[in-house]
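Working notes for the structure below.
Counting convention: from 1, in listed order, for ligands and their atoms alike.
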Amino acid sequence: MAFPRRPSAVLRYVIPALLLALTFYILTGPTNIFQPDRLLSTARGSGHGATSHPIDGLILAAEKEFTDKLAKATETLPDAAAAYRKRRGRHPPPGFDKWHAFAKEKNAVIVEDFWDQIYHDLEPFWALRPAQIRRDAREFEMRIEVRDGKASSGSDWFWTKIWLDMIRTIEHLLPDMDLALNAMDEPRVVVPWEEIDGYVRKAAETRRMAGVKSVVSEFEKLPPPGQAPPEEGEAVEHTWEREKHYWLIARRGCAPTSAARQAPVVADFDQTPAIAGPSTLAHMQNGYVANYTLSTTFCHQPDLQALEGCLVEPLSVSATASLLPIFGGSKLAVNNDILLPAPMYWNEEERFMGAEGADIPWDTKEPTAIWRGVATGGLNRATNWRAFQRHRFVAMNNATQLTLASSSSSPAGKAAAAAGAAANFAPPDTKLYPTLPPNLPNWITSTTNIAFTDLMCAHKGFEPSCNYTAPYFAPTEGLPMAKQFGHKILPDIDGNSFSGRYLGFLRSTSLPVKATLWREWHDARLVAWKHFVPMDNRFGDWYGVLEYFLGGGKGNEKGRDEVAERIAMAGREWAGKVLRKEDMQVYVLRLLLEYARVGDRRREVMGWVGDLR
Ligand SMILES: *[C@@H]1O[C@H](CO)[C@@H](O)[C@H](O)[C@H]1NC(C)=O
Ligand SMILES: *[C@@H]1O[C@H](CO)[C@@H](O)[C@H](O)[C@H]1NC(C)=O
Ligand SMILES: *[C@@H]1O[C@H](CO)[C@@H](O)[C@H](O)[C@H]1NC(C)=O
């Protein structure tokens with residue numbers, strides 16, 4: 001089992017795990033001795049009567065998913081190597097034994113699936129020539145170089161310095177390599193789906209286990225930086241696109257048959273966006289996110305092209321369609337950048353992480369949701385801000401806006417604007433969410449405290465004032481994280497890219513409610529509805545989620561406070577086990593061993609086979 005070291009930890013995980021396994025056996029096994037409804041309300045123990053809420057089922061499923069994940073944890077090096085070979089279809093990379101010893105020394109939970117992102121990111125590179133991978137890395141403008149167990153960089157860009165600081169903590173375990181780093185917020189690489197598909201097929205042909213005797217277990221040394229001899233083969237020219245309408249670039253990462261590729265392109269954002277229910281069917285069930293990973297990909301959700309600032313007009317764009325190894329802190333599902341933990345996570349910056357206040361006891365918190373933030377998302381203008389996610393979220397939590405949007409005679413477009421409506425969201429679907437409070441505007445006022453701190457309109461060269469958003473949004477004072485932790489519910493909404501607060505939220509005793517399009521290094525180790533609450537990117541489920549936990553709805557006056565607390569604490573406890581700085585080191589060490597191998601000319605016969613000899 002996962003945690004034999006401390007008996008208390010064993011009790012904490014194994015006993016609930018067994019209970020859950022039993023619960024599931026009862027629910028799904030041949031002898032269904034209880035009605036599921038009764039079992040659910042009993043399990044919840046809060047007297048919500050016999051009808052189960054869709055979220056109850058999602059939480060139960062999450063418990064099972066998590067238990068199944070934990071059950072795959074390995075302790076010994078041979079077990080870890082066997083799990084590797086089973087999942088990856090190759091030998092582990094050279095240095096795997098040292099990686100494992102490092103992970104054990106850092107008390108890391110070792111579940112092979114936790115590193116899935118690495119393989120997703122690196123697999124296509126098995127289809128490129130190693131010499132090309134190396135050349136692209138060493139010719140990129142911003143780099144970290146590792147030689148003879150020492151990492152260095154010619155760049156003093158603050159992100160590079162933080163990443164260098166991180167990599168230096170494991171440099172003695174690293175082979176020679178050059179890392180190309182993305183200096184921008186926005187990811188850089190979107191290879192067309194058809195090409196990536198071809199690369200992945202080609203990569204699959206290299207996936208095999210070389211005979212133990214022929215395995216090479218040393219990495220090649222590299223010449224000192226700047227002294228690489230000319231290599232055969234032509235250099236690949238990479239062109240950089242500046243198209244600000246990023247949807248046009250991003251959607252080529254989707255399959256040709258996908259809705260994103262087939263749907264008409266929206267070019268006019270100066271109107272109330274269409275919020276299309278059907279494109280949520282694949283990832284939602286009865287109004288709530290049932291497949292979180294899928295909810296964060298937009299290929300089946302073409303309406304998001306007019307609902308996300310990063311797809312409408314990011315602050316900056318410099319994108320390429322050719323595969324090259326660029327490391328960065330976050331990316332969209334369609335990007336081919338290689339993920340590292342984001343610099344602010346390694347630095348544990350107070351404004352993002354807010355260690356202070358993170359342990360405020362649940363019972364002393366306000367039973368409300370709080371959000372403060374800047375009106376980011378991209379470059380907001382008079383003609384496009386209605387397509388921005390943060391503007392939508394803030395408007396949806398404004399009682400006046402809700403009243404205007406919900407009235408049956410609600411005006412549309414320019415007329416709505418004249419009537420004072422932001423007109424940038426759809427009123428809640430009361431058929432999907434039948435228990436919402438009858439007076440939603442009053443209720444939202446008493447349960448949320450959500451506002452911008454800055455309307456972000458002072459862009460140089462144009463839009464000198466915020467006269468186009470100021471009628472609908474009143475910016476207020478910012479609140480330090482320590483104060484925000486005094487509230488039970490913390491919605492987390494993407495900014496220009498991923499929201500850097502997420503790790504701080506997870507580590508706190510409050511409950512994060514997360515909507516995102518961004519991928520991060522840690523995604524495979526978190527389970528939606530177990531460690532955090534997932535939310536659809538349209539936010540149509542926000543009121544339902546809030547009502548489920550805080551109450552005030554029909555037949556749910558009190559809310560499910562204990563369920564909210566349980567998820568908040570599970571997230572905090574799990575973050576303390578698998579989202580520590582040590583876990584970032586373990587992730588990066590594994591990543592860089594794999595990266596060095598895929599750039600090595602003998603990669604197909606390289607590996608660690610110490611357990612098979
Ligand atoms: C979520 O969706 C993805 C993509 O369609 C699919 O591969 C995966 O199996 C789904 N997960 C669950 C738990 O249904
Ligand atoms: C905002 O100000 C600009 C420049 O002063 C002006 O051209 C524009 O019409 C104003 N827009 C609104 C909505 O008032
Ligand atoms: C709520 O909407 C009203 C009407 O548009 C607006 O005047 C007010 O400033 C908004 N409040 C916040 C906190 O944004």
Side-chain angles (χ1 to χ4, degrees), residues 24 28 57-69 113 116-117 120 193 200 253-255 257-260 272 279-286 288-301 333-334 368-375 380 385-386 388 390-407 410-411 415-425 427 440-442 444-457 466-479 491 493 519 523-524 526-530 534 536:
F24 258 82
T28 58
L58 295 168
I59 290 175
L60 264 183
E63 297 281 0
K64 173 165 163 42
E65 187 186 335
F66 182 59
T67 309
D68 290 350
K69 237 182 232 251
D113 311 26
D116 281 357
Q117 185 70 45
H120 174 83
W193 186 94
V200 169
C254 299
T257 53
S258 67
T272 301
S279 67
T280 65
L281 290 179
H283 62 266
M284 296 182 84
Q285 255 171 39
N286 303 314
Y288 297 95
V289 173
N291 187 332
Y292 173 68
T293 307
L294 192 57
S295 81
T296 66
T297 75
F298 56 73
C299 292
H300 68 291
Q301 310 182 65
V334 295
T368 49
I370 190 153
W371 187 88
R372 286 289 180 281
V374 176
N380 78 71
W385 65 271
R386 287 190 176 81
F388 280 52
R390 287 188 164 189
H391 292 79
R392 179 166 65 256
F393 188 70
V394 174
M396 286 177 76
N397 286 282
N398 178 323
T400 313
Q401 298 298 341
L402 255 177
T403 306
L404 285 165
S406 304
S407 63
S410 94
N424 63 343
F425 66 95
L440 207 59
N442 269 359
I444 209 77
T445 303
S446 62
T447 51
T448 67
N449 179 347
I450 286 167
F452 280 131
T453 57
D454 184 333
L455 297 182
M456 271 290 278
C457 306
C466 269
N467 63 355
Y468 55 95
T469 45
Y472 318 110
F473 304 99
T476 61
E477 293 274 292
L479 275 183
I493 312 294
R519 296 288 163 88
D523 293 345
L526 292 170
V527 177
W529 295 111
K530 168 71 189 173
D536 180 57

**Q.** Atom pair CD1 (I444) and CG (N449), whose distance is rounded to the nearest 0.5 Å
**A.** 11.5 Å
Q) To the nearest 0.5 Å, what is the distance between CZ (F66) and CG (L526)? A) 9.5 Å
Ligand-protein N/O pairs under 3.5 Å (ligand 3):
| from | atom 1 | to | atom 2 | distance (Å) |
| --- | --- | --- | --- | --- |
| ligand 3 | 2 (O) | N398 | OD1 | 3.2 |
| ligand 3 | 2 (O) | N398 | ND2 | 2.3 |
| ligand 3 | 2 (O) | Q401 | NE2 | 3.3 |
| ligand 3 | 5 (O) | Q401 | NE2 | 2.6 |
| ligand 3 | 5 (O) | G420 | O | 3.2 |
| ligand 3 | 5 (O) | P471 | O | 3.3 |
| ligand 3 | 9 (O) | A474 | N | 3.4 |
| ligand 3 | 11 (N) | N398 | ND2 | 2.9 |
| ligand 3 | 14 (O) | A474 | N | 3.0 |

**Q.** Check: F452 ring centroid to H391 ring centroid under 6.0 Å
**A.** yes
Q. Using the ring of each side chain (for Trp, its six-membered ring), is H300 parallel, tilted or perpendicular to H283, with breaks at 30° and 60°?
A. perpendicular
(Q) Within the 3.5 Å criterion, strictly below it, is a donor on N398 or Y472 matched to an acceptor on the partner's side chain? (A) no
Q.
Any side-chain to backbone donor/acceptor pair from W529 onto V289? Under 3.5 Å, distance only.
A. yes
